[in-house]
K.L.:
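First the structure, which I've put down as structure tokens, then a few questions once you've had a look.
All figures in this text were calculated on a predicted structure; none of them were measured in a lab.
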Amino acid sequence: MTTSAPRSSQADLPAQYDPQATERALYARWAEAGVFTARAERTNREGGSVDPFVIMMPPPNVTAILHVGHGLNLTVQDVLTRWRRMAGDEALWLPGTDHAGIATQNVIEKQLAGEGKTRFDLGRDAFVARTAEFVRTTGGEILEQIKAIGGSCDWSRTRYTLSPELSVAVREAFVRLYEDGLIYRGHRVIHWCPRCLTSLSDEEAEHEEEEGKLYHIMYSLADDPSQGLTVATTRPETLLGDVAVAVNPDDDRYRDLVGKYVMLPVANVRIPVIADAYADPAFGTGVVKITPAHDANDFEVGVRHKLPMPVVITPEGTMGEVSDASGRVPAELREVDRFEARKRIVEQLRDEGQLVRVENHRHSVRHCYRCDTVVEPRLSDQWFVKMKPLAAPALDAVRSGRTRILPERWEAVYVNWLEGIRDWNISRQLWWGHRVPVFYCDDCNWQDALREDPNECPTCGGGVRQDDDVLDTWFSSWLWPMSTLGWPDEQSRDLKVFYPGDVLVTAPEILFFWVARMIMSGYRFMGDAPFHTVYLHGTARDTQHRKMSKSLGNGIDPLDVVAQYGADALRWTIVSSLGMGADAIFDPADLEKTFAPGRNFATKLWNIARFLLGQAGEDSVRPLAAIAESRLTRADRWILERLDVAIAECDAALGPARPANGTTWPVQERQRGMRLNEYAESARRFVWNELADWYLEVSKARLQSESDDREVARAVLVHAFDRALRLLHPIVPFITEALWQRLPGQRDSEFIARAPWPKARGISDAAAAEFETVRDAVVRLRQQRSAFNIPERRPVTVHVDGASQTASTLLREESATIERLSWSRLAWGDPPAGTPNAKTALAGGGTAAMLLDGNVDVAKERARFARELEELEKQLGALEKRLANPGFVQKAKPEVVGSERQKLTQWTSRRAQLAALVQSLGGA
RNA sequence: GGGCGAAUAGCUCAGCUGGUUAGAGCGCCUGUCUUACACACAGGAAGUCGGGGGUUCGAGUCCCUCUUCGCCCACCA
């Protein structure tokens, strides 16, 4: 053994960890060594022996710099990926970005507006080129941000939804669905954003509750102006597009009027009174105005009754005679904004005495999810995907347990949505995106969806033109789990090896937009779901529980946190906050309060390493397996057992990585795992409260000795810390890697990032439990010192008496440890006569009574014990009652009853001890 | 309108199938610059588990109800 001074001491390591100096360089080394690159040949899908573990990163929008919500999403994925990589899987976390159709186009249009231009000034090609250029820089920045927070993505497989490769996939999917009759051109009322100038899917038009008005308007009978019908509407401006008023066929009030005509105010056209069950007699007046071109329900009525469908609102949201509306819009209302027109029309109705009354009316109004403009329902021609056939297998996936959704409650939401699914409007009147691959010949009316651009019309040889619209951005996203792996090339190696993947990590907001659709496309094109687990994490919110957003200015820039506290601190705080399904609350006004715990934890790890390197030295240590069990002390056995417990808890919290049978989640496993906060807490408790607070303190004396026991202590210490670093690496990858690299001893990998995940030793013995007694004794002595204000450094002698034989032996054997950790000296037997003493006692299994000398207040101490005794009596009474209860003994689980009995024994003896103490201290 | 979730220490939250004396971090109080760490150490105070009712031998945990907050869905003209 060596007694020379360690070659290196903690002087090498400054007192505090500096993430800035560490993180970037470490990341570069990982990347250079290809640690994050998935190797297909190692997997059992290609003759290798290990399972693949695949996570597809939800591609961030190229427009947005990352906020802490992204940080949360990415951290979860990275923790899982790093965990599985260490656990032996061939882990693939595939990164990429999303071209984000509307969002990106809006950004560029805003830029142009600043220059006093519109996209039409540039023209389509120039606009697309400019957007692509913008995306090149922002997209790159995002990927750098992911690296800064430690994301262990496989950068060799980075993808982009608008890349040539993925565009091929998008086109293939479109053409296949078109050929299968699942994509069709629909003429109907859709959601239209007058600001973005495009149609939106149902999901993109979000409901918002608003305080509105319900206007009651008189429509006079055409043949008898003295009579009329009162209709109720929230949108009077649409009356210009009215083609009928509807009453319920069973509504006696209006039966006689069906078939007659009314005069439409303002527009002054005759429209019929029709009978349709859509009119609800109980709502308003029971009479509905029918505006087929500007209301989805009215459109249905219009179709049923073969009514004309005049469009009276322009794409820009102003009033106008767009189609079939000749003579309906008065000249003074043309080009007037719809909300201004509403005011004017109401005024006019009031003036003409047609406005019966106005009442307040709370209702929800749809808004554009990108710009918040009130959406206008408009009759238009759009491309739709028929969803019912796609939804069926996706429903079955979740019902059967092929794919689970966590937290479980979202499964019901998912099922509910899919059961009522409606067709998906996929065409957008934008320029930024995948162009609809449908071509037309204006000469012979030929039309088809094609994989390759045609030069001429295949039917008549005439010129062809491509559809002007682009596809919903989600039409590329929904293919992500397969397009990123090479689909539609069925021979693609990555596709064969890494599809289907494992876990999808995202926020609940895009369950419908994205998750459900990926499952649908997975079944449609690959015949299987793309993942077996959907983990929906909470939303990042501020302390007022408001969603963090750019507009509210309450966001946190993860890079700020990285700069101030380090990536590990950011990740630690995030993971600690990840209760299953719970939102994560961060305080943007107090980063210190929010992220200091993570930084402090990193510093703690750093200092454990400083101690280890300084006290234990960097000389090689024996592997634990080379040390005979008999050489291990109680403390050694205890910390090794605690390590086993920590490993077991971490494994249980993270849960099964995949269903046991590989395909379907059994009921008992379906909700297990993915408790990242519990995993973090277990690991933290082990390394801080057990390893650092106790084992390390206990080892100090041994490490300073020159006996062979020093080598044992070094071996155990290094082993335990090594395993702790491994357990923590997925959460705090940088500092664990930095420290692990310096650890003396055996290396079973070049990087901790690829080192094997810890396994429990599975050895447990009574000696480990005995250390708990030692710990109890130390704690009790410290409490006494504190209670009696005896300074820590002041030596006191503790006289032990009344101990049971076993406890006495144990305490004698461990007295050096107890003395050291409690700054006390143990002596056996009664104190010298005449010393002013106070009795005290040790807790737990050590039943020894002790005397603590010094100038202590006997009465005060007696009172303390009396209080403790009183409390114990109460608890003991309840316990005795419970154990005397036949119901409990018969019905409770045997192990519960057993532990209660054991407790009774312990408490009873403690009671006797306390009673004796109180008495000996002069108590009544 | 339909559905779902939350309410536990001053703050942010754990507490998984009902069963130790309900836990953690931060904050607070007392002491300590103990040769790894004051971003730390030791000790401590602090909770009628939102209100009410019920089931049970036993309820923070299950059921009903009320209150407050939040989310999702919706063809409330």
Side-chain angles (χ1 to χ4, degrees), chain A residues 10 13 15-17 207 214 231-235 238 246 278-280 283-285 287-291 295-300 361-364 407 409-410 412-413 416-417 420 508-509 511-512 539 541 543 545 565 573 576-577 579-587 593-594 596-597 599-615 652 668 671-672 675 677-678 681 684-685 692-693 696-697 700 704 779 782-787 789 791-793 820 822-823 871-872 874-875 878-879 881-882 885-893 895-897 899-900 902-903 907:
Chain A
Q10 69 259 28
L13 297 180
Q16 279 172 24
Y17 169 58
H207 290 276
L214 191 60
V231 302
T233 179
T234 53
R235 308 183 55 217
T238 62
Y278 166 62
D280 175 4
F283 187 91
T285 58
V287 186
V288 202
K289 61 195 261 319
I290 300 298
T291 322
D295 184 285
N297 294 308
D298 292 7
F299 173 78
E300 298 298 326
H361 182 65
R362 198 166 171 75
H363 62 144
S364 75
R409 66 186 133 96
W410 289 103
V413 177
N416 185 48
W417 184 74
E509 289 103 274
L511 182 60
F512 306 142
T539 309
R541 298 180 185 276
T543 48
H545 290 213
Y565 300 92
T573 294
S576 303
S577 74
M580 178 61 74
D583 285 340
I585 312 293
F586 305 111
D587 189 349
K593 189 184 171 191
T594 308
R599 176 203 56 198
N600 296 353
F601 181 53
T603 305
K604 189 71 187 181
L605 293 178
W606 186 257
N607 278 297
I608 294 170
R610 284 181 79 215
F611 169 82
L612 190 145
L613 297 176
Q615 299 295 306
Q668 65 273 20
Q671 286 162 62
R672 293 202 11 229
R675 270 126 178 124
N677 57 332
E678 293 178 19
E681 175 52 25
R684 189 203 67 84
R685 199 205 53 233
D693 288 351
L696 196 143
E697 294 297 335
K700 279 180 176 173
Q704 279 162 6
V779 167
R782 285 173 178 170
Q783 285 170 344
Q784 294 304 320
R785 272 185 174 276
S786 179
N789 294 320
E792 283 171 6
R793 307 300 300 279
R820 185 187 160 82
S822 64
W823 308 280
E871 183 61 26
L872 186 69
K874 254 197 297 192
Q875 303 295 346
L879 184 61
K881 202 173 147 195
R882 190 180 318 164
N885 183 333
F888 172 70
V889 179
Q890 285 159 21
K891 292 179 191 169
K893 286 184 209 145
E895 58 265 32
V896 173
V897 179
S899 82
E900 297 285 88
Q902 203 177 350
K903 198 162 67 183
W907 288 5

K.L.:
Starting at atom CG of Leu605(A), determine the distance to atom C1' of C37(B), rounded to an integer number of angstrom.
P.N.:
11 Å

K.L.:
Heavy atoms only, 4.0 Å cut-off, all strands: where does Arg672(A) land among base, sugar-phosphate and nothing?
P.N.:
nothing

K.L.:
Please figure out whether Ile585(A) or Arg599(A) has its closest RNA chain B nucleotide nearer the 5' end.
P.N.:
Ile585(A)

K.L.:
Does a side-chain heavy-atom distance below 4.5 Å link Glu300(A) with Tyr278(A)?
P.N.:
no

K.L.:
Name the nucleic acid region contacted by Val897(A), choosing base, sugar-phosphate or nothing; use a 4.0 angstrom heavy-atom cut-off, strictly under.
P.N.:
nothing

K.L.:
Expressed as a whole number of Å, how far does the C1' atom of G44(B) sit from that of G54(B)?
P.N.:
40 Å

K.L.:
Please name all residues satisfying ring-ring contact (aromatic ring centres under 6.0 Å, His included) with Trp417(A), sequence neighbours left out, ordered by chain then number.
P.N.:
Phe512(A)

K.L.:
How far apart are the closest heavy atoms of Ser822(A) and Arg785(A), and which atoms are they?
P.N.:
O-NE, 2.9 Å

K.L.:
Select base, sugar-phosphate, or nothing to describe what Ser364(A) touches, counting heavy atoms under 4.0 Å on all strands.
P.N.:
base

K.L.:
Whom does G60(B) pair with, Watson-Crick or G-U wobble, provided both distances fall under 3.5 Å?
P.N.:
none

K.L.:
Atom CZ of Arg684(A) to atom C1' of A14(B): distance rounded to whole Å?
P.N.:
12 Å

K.L.:
If you only use heavy atoms from C-beta on, which nucleotide in A74(B), C39(B), U21(B) is closest to the side chain of Arg882(A)?
P.N.:
U21(B)

K.L.:
Using Watson-Crick or G-U wobble geometry with both distances under 3.5 Å, which nucleotide pairs with A24(B)?
P.N.:
U12(B)

K.L.:
Measure from the side-chain heavy atoms of Leu214(A) and tell me the nearest of C16(B), C26(B), A77(B).
P.N.:
A77(B)

K.L.:
Rounded to the nearest 0.5 Å, how far apart are OG1 of Thr238(A) and NZ of Lys289(A)?
P.N.:
2.5 Å

K.L.:
Taking the side chain as everything from C-beta on, heavy atoms only, tell me whether Gln615(A) gets closer than 4.5 Å to Leu696(A).
P.N.:
no

K.L.:
Within the 4.0 Å heavy-atom criterion, would you say Ile290(A) contacts the bases, only the backbone, or no part of the nucleic acid?
P.N.:
nothing

K.L.:
Output the rounded distance in Å from CD (Glu681(A)) to C1' (G23(B)).
P.N.:
9 Å

K.L.:
Need one value for Ala296(A): base, sugar-phosphate or nothing, where a base atom within 4.0 Å counts as base even if backbone is also close, heavy atoms only.
P.N.:
nothing

K.L.:
Heavy atoms from C-beta onward define the side chain here; which of A77(B), U21(B), C72(B) lies closest to that of Lys903(A)?
P.N.:
U21(B)

K.L.:
Only pairs with both distances under 3.5 Å count, Watson-Crick or wobble alike; so what is the partner of A77(B) in this structure?
P.N.:
none

K.L.:
For the pair made of NZ in Lys893(A) and P in C57(B), what is the distance, rounded to whole Å?
P.N.:
17 Å

K.L.:
Considering only atom P, compute the distance from G23(B) to G43(B) and round it to an integer number of Å.
P.N.:
16 Å

K.L.:
Taking CG from Leu879(A) and P from G58(B), how many angstroms apart are they, rounded to a whole number?
P.N.:
16 Å

K.L.:
Can you tell me how far P in G27(B) sits from the matching atom in C41(B), rounded to whole Å?
P.N.:
12 Å

K.L.:
Give each protein N/O atom lying under 3.5 Å from an N/O atom of nucleotides 42-48 of chain B, with the pair distance.
P.N.:
{"unit_1": "G43(B)", "atom_1": "O2'", "unit_2": "Ser786(A)", "atom_2": "OG", "d": "2.9"}
{"unit_1": "G44(B)", "atom_1": "OP1", "unit_2": "Gln783(A)", "atom_2": "NE2", "d": "2.9"}

K.L.:
Would Asp583(A) and Arg541(A) satisfy salt bridge (Lys or Arg N to Asp or Glu O under 4.0 Å), going step by step from the backbone distance to the final call?
P.N.:
CA-CA 7 Å; Asp583(A) 285 340; Arg541(A) 298 180 185 276; 2.6 Å; yes

K.L.:
Does the side chain of Gln671(A) reach to within under 4.5 Å of the side chain of Met580(A), using non-hydrogen atoms?
P.N.:
no

K.L.:
Which one is paired to G5(B), where only Watson-Crick or G-U wobble pairs with both distances under 3.5 angstrom count?
P.N.:
C69(B)

K.L.:
Which heavy atom in Val231(A) sits nearest to a heavy atom in Val288(A), and how many Å separate them?
P.N.:
CG1-C, 4.5 Å

K.L.:
Please state how far atom CZ in Arg685(A) lies from atom C1' in A14(B), giving the value in whole angstrom units.
P.N.:
13 Å

K.L.:
Side chains of Thr594(A) and Tyr565(A): closer than 4.5 Å at any heavy-atom pair?
P.N.:
no

K.L.:
Out of curiosity, Asp587(A) CG to Lys593(A) NZ, how far, rounded to the nearest 0.5 Å?
P.N.:
6.5 Å

K.L.:
What integer number of Å spans the P atoms of A24(B) and G3(B)?
P.N.:
40 Å

K.L.:
Expressed as a whole number of angstroms, how long is the span from Asn416(A):CG to G1(B):C1'?
P.N.:
14 Å

K.L.:
Within the structure shown, what part of the strands sits under 4.0 Å from Phe512(A) by heavy-atom distance: base, sugar-phosphate, or nothing?
P.N.:
sugar-phosphate

K.L.:
By nearest atom, which of the nucleotides C37(B), A77(B), C39(B) is closest to the Asn607(A) side chain?
P.N.:
C37(B)

K.L.:
Nearest to the side chain of His361(A), heavy atoms from C-beta on, is which of A36(B), C16(B), A77(B)?
P.N.:
A77(B)

K.L.:
Could you tell me whether Gln668(A) contacts a base, only the sugar-phosphate backbone, or nothing, with contacts defined as non-hydrogen atoms closer than 4.0 Å?
P.N.:
nothing

K.L.:
Whole-Å distance between G25(B) P and Phe586(A) CZ?
P.N.:
18 Å

K.L.:
What nucleotide, of A40(B), U20(B), A74(B), holds the atom closest to the side chain of Lys604(A)?
P.N.:
A40(B)

K.L.:
Mind checking the C1' distance from G15(B) to C49(B)? Whole angstroms is fine.
P.N.:
11 Å

K.L.:
Could you measure between the two C1' atoms, the one in C16(B) and the one in A22(B), and give it in whole Å?
P.N.:
16 Å

K.L.:
By nearest atom, which of the nucleotides C39(B), A36(B), C76(B) is closest to the Thr603(A) side chain?
P.N.:
C39(B)

K.L.:
Categorize Ala412(A) for me: base, sugar-phosphate, or nothing, with a 4.0 angstrom heavy-atom threshold over every strand shown.
P.N.:
nothing

K.L.:
Would the base of A24(B) count as contacting Glu678(A) through its side chain, where contact means a donor and an acceptor less than 3.5 Å apart?
P.N.:
no

K.L.:
A14(B) and C62(B): how far apart are their P atoms, nearest whole angstrom?
P.N.:
15 Å

K.L.:
Relative to the 5' end of RNA chain B, which residue comes earlier, Asn600(A) or Ala232(A), by the nucleotide with the nearest heavy atom?
P.N.:
Asn600(A)

K.L.:
What does C41(B) pair with, Watson-Crick or G-U, if both distances are under 3.5 Å?
P.N.:
G31(B)

K.L.:
Using the C1' atom as the reference point in each nucleotide, state the distance between U12(B) and C66(B) in Å, no decimals.
P.N.:
27 Å

K.L.:
Are any of the side-chain heavy atoms of Val779(A) and Gln783(A) separated by less than 4.5 Å?
P.N.:
yes

K.L.:
Check whether the side chains of Arg882(A) and Asn885(A) place a donor and an acceptor atom closer than 3.5 Å, and report yes or no.
P.N.:
no

K.L.:
Which atoms of nucleotides 5-10 of chain B (N or O only) lie under 3.5 Å from a protein N or O atom, and what are those distances?
P.N.:
none

K.L.:
Under a 4.5 Å cut-off applied to non-hydrogen side-chain atoms, are Phe888(A) and Val896(A) in contact?
P.N.:
yes

